[in-house]
Amino acid sequence: MSAPQYIADSLQKKIIFFTGKGGVGKTSVVWATAKALARCGKKVAVAAWSESDSPPSGFPEGVHYVPLQTMACFKEYVLHVVRFEKLYDTVFDNKVLRTFVLAAPGLSDTVIAGKILTLYEKRVYDILLVDLPSSGHALSFFHSPLGVKRIFSVGFVHKETHKICELLASQDVRLDLVAIPEELPVVESVELKSKLEKLHPFHFGFLLLNQMLPTFASLRGLSSAPLLKEYSDQLDRQERNQQVAEKCGLPILKLPRILAPNEDSLIEALSQDLSAVTA
Amino acid sequence: MKPSFESRILLVGGPGGVGKTTLAASLGVALAEQGFKTVVLTVDPARRLAQALGFENFPNEVNRVPLVQGGELFASMLDTQRYFDRIIEKFATNPDQKEKILKNPMYQIMVDSLGGSHEYAAMERLLEIAQDPSWDKIVVDTPPTDNAMDLIAAPKRLADFMDNSVLSWFQSGGALYLRLFRAGTRIAMKALQAILGSDFLDSLGKFLTDLEGMQAGFQNRHREVLAMLRSKDCSFFLTTFPSQARWEDSGRLLAALAGESIPLRGVFLNRVEPQPTALNSDVSLSLEQSQDVEKLLAFRRQEVEHQKPWTEKFATLPADFLVQIPRQTHPVHDVASLSELGRILLS
């Protein structure tokens, strides 16, 4: 699988979800993809779970930032129905309700999914990349509309949840997994995919295998010095882990391990890598 | 042994994917070998590590781990769903209440999707184990959290949810919408009904009424957990590795800990790249191979340089000590390699 195919396919989508184990560089991959897509002339946004309104340091220029905050999303949700901001502030902006919204089963995930749905329906951006929290939370995020559907049989949430489930199965939406070529992350990706498949008829896209070691082919199999033996072993392990990753049944896109001095230059290098041939 | 390891409860925390589970297990092995009766509480170990610790089939039980060097080591893996059922059983005031809650679909969704139930269950389990005085050392592999705050904030949210002010909306016979109605906020009632649907409010009300009498249990436990975390009996160790992203994650976690007055005892800086050693001249190589060796050496040195500024930053943290753990050249999956790693941690 090549970077141009990945970018070309991404340009056809409206929403792309990214998930993977913590510490695999998922956010960097999302930002670099956003930058590469923006370079193709698209209006691109990255949505991420966040406590703050402003993008984190290193966030790429020319890309829009959508923080997903439960209370702000709940407010938008309620304003669909209430339509008076002042009324919301006086009635809903209190401690009891905040606690209720943050902790009521599935409600937090539902209002956040509702926000994503609204952005999609209003066509605010050409492409929205959703940086999901790591695997465990991502599973419960996708699970919650199903649970919520069971307990909300009428009302706005019920209608919205129905639409969310339709959206997740849509051709406009893709779900990508991010991993690194190490045992734990690839095993988790394979398990995650089989769990996700049971939840919704997703259109899975790619398995992005991040931080691949550089290959110096002539050194493969050498063990005449500690430096060489270690490197050969590392390559062998990487290859074995890649074989495990293939069990996902997804096309694998390999991304190099980039030793950049800071996040800005990492994103720049990674996005160049993604758009090199497309441009 | 460093004074930091003298605490009875050792919490190993940090951002996801830094090797917390492996380091917690190693620490457990090393402490057991020093003669302490040790238990390691873990959440979701990799399969081979689970096999090494011998608890693949027994979640929530305490299993003996056979050690080569001798010593008493036990391990226990947390299964949140099943453990949560146990919490309900414990706090339920009668068998009827227990049945009602476990069968309520709202409960299932709460355990599945309520942010914080993993963290709550982990802390509850720790409290249960800590009450058994026969353990000399309890090593806790904290649950992976996206947001470092969650470990402390999530159990609090759950306790808050059980807070009287929320529950009183629903309990003692009054449905939420009636109360809002009485308060004169007609439009709010209509809006909430339109958004959530009256049946949801009813079944949520029913669920919360089922929980009546249990909220005190939840809240007391939360307070006990906080008191335990702040006590001298408990030490917190940050596991991380030297990169900008992990530095930023760690900063958020430490700020959260400081906010709860939980001190940082030590830093385990994992996967530190060792300085590469150049080849001896007697290794015979082709021209292409020699060129590749130069490239490989350059890459290795670049890796070391890449980590250096972050290693230095972590060294400035106000902890009692920082241990650098060299990147392991082989995956750590058996008790012997856990023991080796554990000795580095204690050194």
Side-chain angles (χ1 to χ4, degrees), chain A residues 21-25 27-28 49 51 56 77-78 81-82 87 91-92 95-96 99-100 102-106 108-109 133-134 136-137 140 143-144 147-148 150-158 183-185 187 214 216-219 222 224-228 230-231 233-234 237 259 261-263, chain B residues 15-18 46-48 105-106 108-110 112-116 118 144 146-147 157-158 160-161 163 165-166 169 185 187-188 191 193-200 203-204 244-246 248 276-280 283 286 288-289 292-293 295-297 299-300 302-303 305-306 329-331:
Chain A
K21 188 176 164 57
V24 298
T27 298
S28 302
W49 273 246
E51 303 289 324
Y77 214 76
V78 173
V81 182
V82 184
L87 181 75
V91 177
F92 288 97
K95 180 184 166 256
V96 174
T99 311
F100 172 75
L102 289 174
S108 169
D109 285 337
S134 60
H137 189 169
S140 68
H143 187 268
S144 70
V148 164
R150 282 212 310 269
I151 50 172
F152 293 83
S153 57
V154 290
F156 182 70
V157 173
H158 172 75
E183 189 186 352
L184 241 62
V187 168
F216 307 114
S218 76
L219 303 183
L222 296 187
S224 43
L227 178 80
L228 298 175
E230 199 204 311
Y231 176 69
D233 287 350
Q234 229 181 338
R237 275 205 305 278
L259 300 170
N262 55 47
E263 192 72 26
Chain B
V18 294
R47 193 160 301 133
R48 275 153 73 182
M106 202 76 88
Q108 284 307 320
I109 292 158
M110 184 177 105
D112 285 350
S113 66
L114 174 57
H118 291 282
D146 298 313
N147 183 335
R157 274 212 296 274
L158 195 59
D160 278 352
F161 185 52
D163 187 293
S165 53
V166 178
W169 280 30
T185 46
I187 307 163
Q193 245 182 22
I195 296 161
L196 304 172
S198 53
D199 60 336
F200 172 76
S203 51
L204 183 64
Q244 182 179 7
R246 296 293 87 87
E248 283 162 13
T277 40
L279 302 194
N280 288 333
V283 181
S286 71
E288 192 196 358
Q289 286 170 335
D292 274 351
V293 166
K295 285 188 210 156
L296 174 59
L297 273 172
F299 175 72
R300 290 294 189 218
Q302 208 189 337
E303 280 186 307
E305 282 307 304
H306 182 61
T329 49
H330 285 93

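A, B, ... follow the sequence lines: proteins, then strands. Residue 1 opens every chain.
With a 4.5 angstrom heavy-atom cutoff, Glu288(B) touches chain A via backbone and side-chain atoms both. Heavy-atom distances place no part of Glu305(B) under 4.5 Å from chain A, backbone and side chain included. Residue Val18(B): no heavy atom, backbone or side chain, is found under 4.5 Å from chain A.
Between chain A and the residues Arg246(B), Glu248(B), Gln289(B), the largest count of heavy-atom pairs under 4.5 Å involves Gln289(B). Listed options Asn280(B), Val283(B), Leu296(B) were ranked by heavy-atom pairs under 4.5 angstrom with chain A; first place goes to Leu296(B). Between chain B and the options Pro214(A), Pro226(A), Pro56(A), heavy-atom pairs under 4.5 Å are most frequent for Pro214(A).
The two atoms that bring Ser218(A) and Leu222(A) nearest to each other are O-CD1, 4.0 Å, heavy atoms only.
Ring orientation note: the planes of Tyr231(A) and Phe216(A) are tilted relative to one another, at an angle of 30° to 60°.
In this structure, the separation between CG on Asp292(B) and CG on Leu297(B) is 11.0 Å, given to the nearest 0.5 Å.
Side chains of Leu227(A) and Arg300(B) form a contact here, defined as non-hydrogen atoms less than 4.5 Å apart.
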